[in-house]
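Right, one structure below, let's go through it.
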Protein chains: 2
Amino acid sequence: MSTLAILRFYTVLVKNEQAITNADRTFFQLRKDIVEGVIPAGSKLSEMELSTKYEVSRAVIREAINRLATCHLVERKANVGARVVALSPEGLIQLYQVREALEGMAARLAARYMSDEEIADMQALLDSHFDKVKDGQSYYQEAGDVDFHYRIVTGSKNDHLISVLVDGLYHLVRMYRVQLGMAGPRVSTAFDEHRHIVNAIANRDEELAEMLMRRHILYSKNNIEKKLNHG
Amino acid sequence: MSTLAILRFYTVLVKNEQAITNADRTFFQLRKDIVEGVIPAGSKLSEMELSTKYEVSRAVIREAINRLATCHLVERKANVGARVVALSPEGLIQLYQVREALEGMAARLAARYMSDEEIADMQALLDSHFDKVKDGQSYYQEAGDVDFHYRIVTGSKNDHLISVLVDGLYHLVRMYRVQLGMAGPRVSTAFDEHRHIVNAIANRDEELAEMLMRRHILYSKNNIEKKLNHG
DNA sequence: TGCACCTGTTTTGTCGACAATATGATGATC
DNA sequence: GATCATCATATTGTCGACAAAACAGGTGCA
């Protein structure tokens, strides 16, 4: 995955997040460093060390770490401290199991609740992605994929779904992608799957939309598992 | 719902939680008070006020409030403070949409991963519930329902699923049940549904287990909606 | 050698005080 | 009378210091 794609991804995912307090900024920075592996997976987070490194008080670090714990990016133990989560094949499988359930439901609800305008926008987005993919600019695929999934999830109009996925699981997904280095390909096939899902949503076919989304994520999981085993 | 059932519920849900730090205790207490309406839904949480009331420092209260925010029981705004979530028909519907997705997947995974012994235990549990329901001790139904769902979720062996549901959504579900006063009935029908789900799991029929669980939750949602509108 | 215990050090948990921001009331201006 | 600016108040954000708990190293004993 190119640096440009990473940047674009971040822009998409973080577009509505703005840091107000110092704790916000520290949280965002820490999250970025963990996801991108600057702080290694499985390593211990020392409050003192981080407070000197990021030039804020321990209270701010503690708040940031607590928020990281809510995204499941770190795990805290009382009187012991916090560790960055470890990446494992089992963890990846569990992550995709939850994605399948939640994003499947998101697609169903998107078919029910998205406005005609939102659907049209998403179709236009897909068209522009198609042009780029056709032109060989496949490095946009990662960002395009994220953009697509992001729109479906927000289209569900379900606050729980949105927050669990966007604030939580997606960062973990990205952490796996970046650190275990899976950029795809699966470009063209995934693109067709996106197209089919949007069509189902446009037809207001909830059942099909959910089924196609679940398959899409299942395929994606299988693809990643294959890479993990053979690569 | 009787006080006994409430107590039993809590025992089940909280059985593996033990308070280590002061923040733990305060968090549990605050969560209890919010779920049971001692602190009213939609009300503002003042850090100073709570710190005097619960006799701990503001830092402890802040940590507790942060954890409440991760369960979606309160919402924080920077430089403004935290409010207890408001209960609304829309919120209830969204909550059950997510439950349907997650617990459906949990049932599927339970059919895949639960050991024969765990399944046998669950069948025995259901038998004992059946005896009690038959004897007219229907006040155990609520606790029995919770116990059943809890076992399915943990049976999925999926840490994300477990934490999102057990640490998060279930408390919100309980908050709706307690404060909008829905104790059932639906006792006997729900019981049959439980039986069918366990049978599907015992047969290792993932597809059926998920479908039945989703219907079970959907029925439950419809039942509650009906109560909200007509009662 | 292996295990238990004690002790000094390090790290986390908790506290009270100060700084920065929002809130609400008061008054001025159109 | 309504709207906006200003200021006092109250609340949250941040900090540094102390208390309590875990950790590591060494010592004594079986």
Side-chain angles (χ1 to χ4, degrees), chain A residues 14 16-34 38-86 167, chain B residues 14 16-34 38-86 167:
Chain A
V14 176
N16 287 327
E17 288 182 343
Q18 48 180 344
I20 309 286
T21 68
N22 242 327
D24 291 337
R25 268 182 295 279
T26 309
F27 166 58
F28 294 148
Q29 184 65 44
L30 264 174
R31 189 180 62 187
K32 187 171 186 287
D33 290 345
I34 288 174
V38 176
I39 300 175
S43 64
K44 188 172 183 332
L45 294 178
S46 162
E47 294 181 0
M48 274 195 316
E49 187 183 329
L50 292 177
S51 91
T52 59
K53 189 172 178 182
Y54 291 86
E55 293 175 333
V56 288
S57 78
R58 259 187 65 218
V60 172
I61 293 289
R62 278 177 72 84
E63 170 138 1
I65 288 180
N66 279 332
R67 291 203 222 167
L68 290 170
T70 74
C71 327
H72 297 266
L73 287 176
V74 312
E75 289 169 357
R76 279 191 65 182
K77 259 193 282 187
N79 285 318
V80 174
R83 303 193 80 87
V84 180
V85 292
D167 297 335
Chain B
V14 176
N16 287 327
E17 290 181 341
Q18 47 179 344
I20 308 286
T21 68
N22 242 327
D24 291 338
R25 268 182 295 280
T26 308
F27 166 58
F28 294 148
Q29 185 64 42
L30 265 174
R31 189 179 62 187
K32 186 171 187 287
D33 289 346
I34 288 174
V38 176
I39 299 173
S43 62
K44 188 171 184 327
L45 294 178
S46 161
E47 294 181 358
M48 275 196 315
E49 187 184 328
L50 292 176
S51 92
T52 60
K53 189 172 177 182
Y54 291 85
E55 295 176 329
V56 287
S57 79
R58 258 187 66 219
V60 171
I61 293 289
R62 278 179 72 84
E63 169 139 3
I65 288 179
N66 279 332
R67 290 204 223 167
L68 289 169
T70 73
C71 327
H72 298 263
L73 287 176
V74 312
E75 288 167 358
R76 278 191 67 181
K77 259 193 281 186
N79 286 318
V80 174
R83 304 193 78 85
V84 179
V85 292
D167 297 336

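Reminder, nothing fancy here: chain letters follow the sequence lines and each chain counts from 1.
Across the protein-nucleic acid pair, B/Leu45 atom CG and D/dT12 atom P stand 9 Å apart, rounded to whole Å. Between B/Arg76 atom CZ and D/dT12 atom C1' there is a gap of 8 Å when expressed in whole angstrom units.
Between chain A and DNA chain C, the heavy-atom contact criterion of under 4.0 Å yields a 5' to 3' nucleotide range of C/dT11 to C/dT14.
The distance from atom NE2 of B/His72 to atom OG1 of A/Thr70, rounded to the nearest 0.5 Å, is 8.0 Å. Within the model, atoms CG of A/Leu73 and CG of A/Asp33 stand 12.0 Å from one another, a figure rounded to the nearest 0.5 Å. Taking CZ of B/Arg62 as the reference point, atom CG of A/Asn66 lies at 10.5 Å (rounded to 0.5 Å). Interatomic distance, CD1 of A/Ile39 versus CG of A/Leu30, reported as 5.0 Å (0.5 Å rounding). Here CD of B/Gln18 is found 9.5 Å from CG of B/Asp24. Values are rounded to the nearest 0.5 Å. Here A/Ile34 contributes atom CD1 and A/Leu68 contributes atom CG; the two are 4.5 Å apart, rounded to the nearest 0.5 Å.
Of the candidates B/Arg31, B/Arg67, B/Arg25, B/Arg31 is the only one forming a salt bridge (charged side-chain N to carboxylate O under 4.0 Å, His left out) with B/Glu17.
For the pair B/Lys44 and D/dT12, the criterion of a side-chain N or O lying under 4.0 Å from OP1 or OP2 is met.
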Which pairs, protein N/O on one side and nucleotides 18-24 of chain D N/O on the other, fall under 3.5 Å?
from, atom 1, to, atom 2, distance (Å)
D/dA21, O3', A/Asn79, ND2, 3.4

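Nearest heavy atom pair, residue A/Val85 against residue A/Ala41, reads O-CB, 3.5 Å.
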